[in-house]
Amino acid sequence: MSVTEMSAEAELDTIPVLRRQIDSLDEAIMRLVAERAKLSTRVQTARMSAGGTRVQLGRERVIMDAYRTGLGAHGPELADAVLRVCRGTR
Ligand SMILES: C=C(O[C@@H]1C=C(C(=O)O)C=C[C@H]1O)C(=O)O
């Protein structure tokens, strides 16, 4: 077995370790989104109680831009999904 084949095999062995780290980060992301949704619901409820609308597109555009700045071209897609989760929670 060549050195290259050995290092490729060693790299393959790291996959379960890396996947555990990915799963752990996904859990953290979901916890944070759930926490965000609670705060978002409070803002939406407060505004609607005062006769306003649930959604404010101007604010959502600012958030989409921040995700684009932070994550690149696909950032706004993630922002859109996060915003939809947060709008759906009561
Ligand atoms: C939470 C708010 O209300 C809504 C939900 C938003 C959010 O989840 O970030 C953003 C804008 C609004 O559509 C807000 O105006 O800040």
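Both ligands and their constituent atoms are indexed starting at 1 by order of listing. Just the heavy atoms: all of them, side chains too, but no hydrogens, waters or symmetry mates, feed the values below. Being a predicted model, the structure only gives us computed values, none of them experimental.
Remark: the backbone N or O of Glu11 is paired with a side-chain donor or acceptor of Thr14 at under 3.5 angstrom. Although no hydrogens or angles enter the test, the distance criterion places a donor-acceptor pair under 3.5 Å between the side chain of Thr41 and the main chain of Ala37.
In terms of heavy atoms, Cys86 sits closest to Arg36 at SG-NH1, 3.1 Å. When every heavy atom of Pro76 is checked against every heavy atom of Ala73, the shortest pair comes out as CD-O, 3.3 Å. Listed here is the closest heavy atom pair of Gln44 and Arg54: OE1-NH1, 2.6 Å.
Taking Arg59 as the reference, nothing meets the side chain to side chain donor-acceptor pair (under 3.5 Å) condition, with sequence neighbours excluded.
Within the 4.0 Å heavy-atom cutoff, Arg42 does not count among the residues contacting ligand 1. Using a 4.0 Å heavy-atom cutoff, Arg87 is absent from the residues neighbouring ligand 1.
If you number the atoms of ligand 1 from 1 as listed, the ones under 4.0 Å from a heavy atom of Val55 come out as 13 (O). If you number the atoms of ligand 1 from 1 as listed, the ones under 4.0 Å from a heavy atom of Val43 come out as 1 (C), 2 (C), 14 (C), 15 (O), 16 (O). When each atom of ligand 1 is checked for a heavy atom of Gln44 under 4.0 Å away, the hits are 3 (O), 4 (C), 5 (C).
With a heavy-atom cut-off of 4.0 Å, Leu83 touches ligand 1 through its side chain alone. Counting heavy atoms closer than 4.0 Å to ligand 1, residue Cys86 contributes side-chain atoms (C-beta onward) but none from N, CA, C or O. Residue Val82 does not touch ligand 1, judged by heavy-atom distances below 4.0 Å.
In this structure, the side chains of Met64 and Val82 stay at 4.5 Å or more apart for every pair of heavy atoms. Under the 4.5 Å side-chain criterion, counting only non-hydrogen atoms from C-beta, Arg47 is in contact with Val43. Counting heavy atoms from C-beta outward, Asp26 and Ile29 have side chains that approach closer than 4.5 Å.
Distances from atom 4 (C) of ligand 1 to the heavy atoms of Met48, Arg84, Arg54, Arg36 show the closest one on Arg54.
Remark: minimum distance from atom 15 (O) of ligand 1 to any protein heavy atom is reached at Arg47 NH1, 2.9 Å. Looking only at heavy atoms of the protein, atom 13 (O) of ligand 1 is closest to Glu60 OE2, 2.5 Å. Summary of contacts: the protein heavy atom closest to atom 12 (C) of ligand 1 is Gln56 N, 3.4 Å.
The shortest N or O to N or O distance between Ser40 and ligand 1 is below 3.5 Å.
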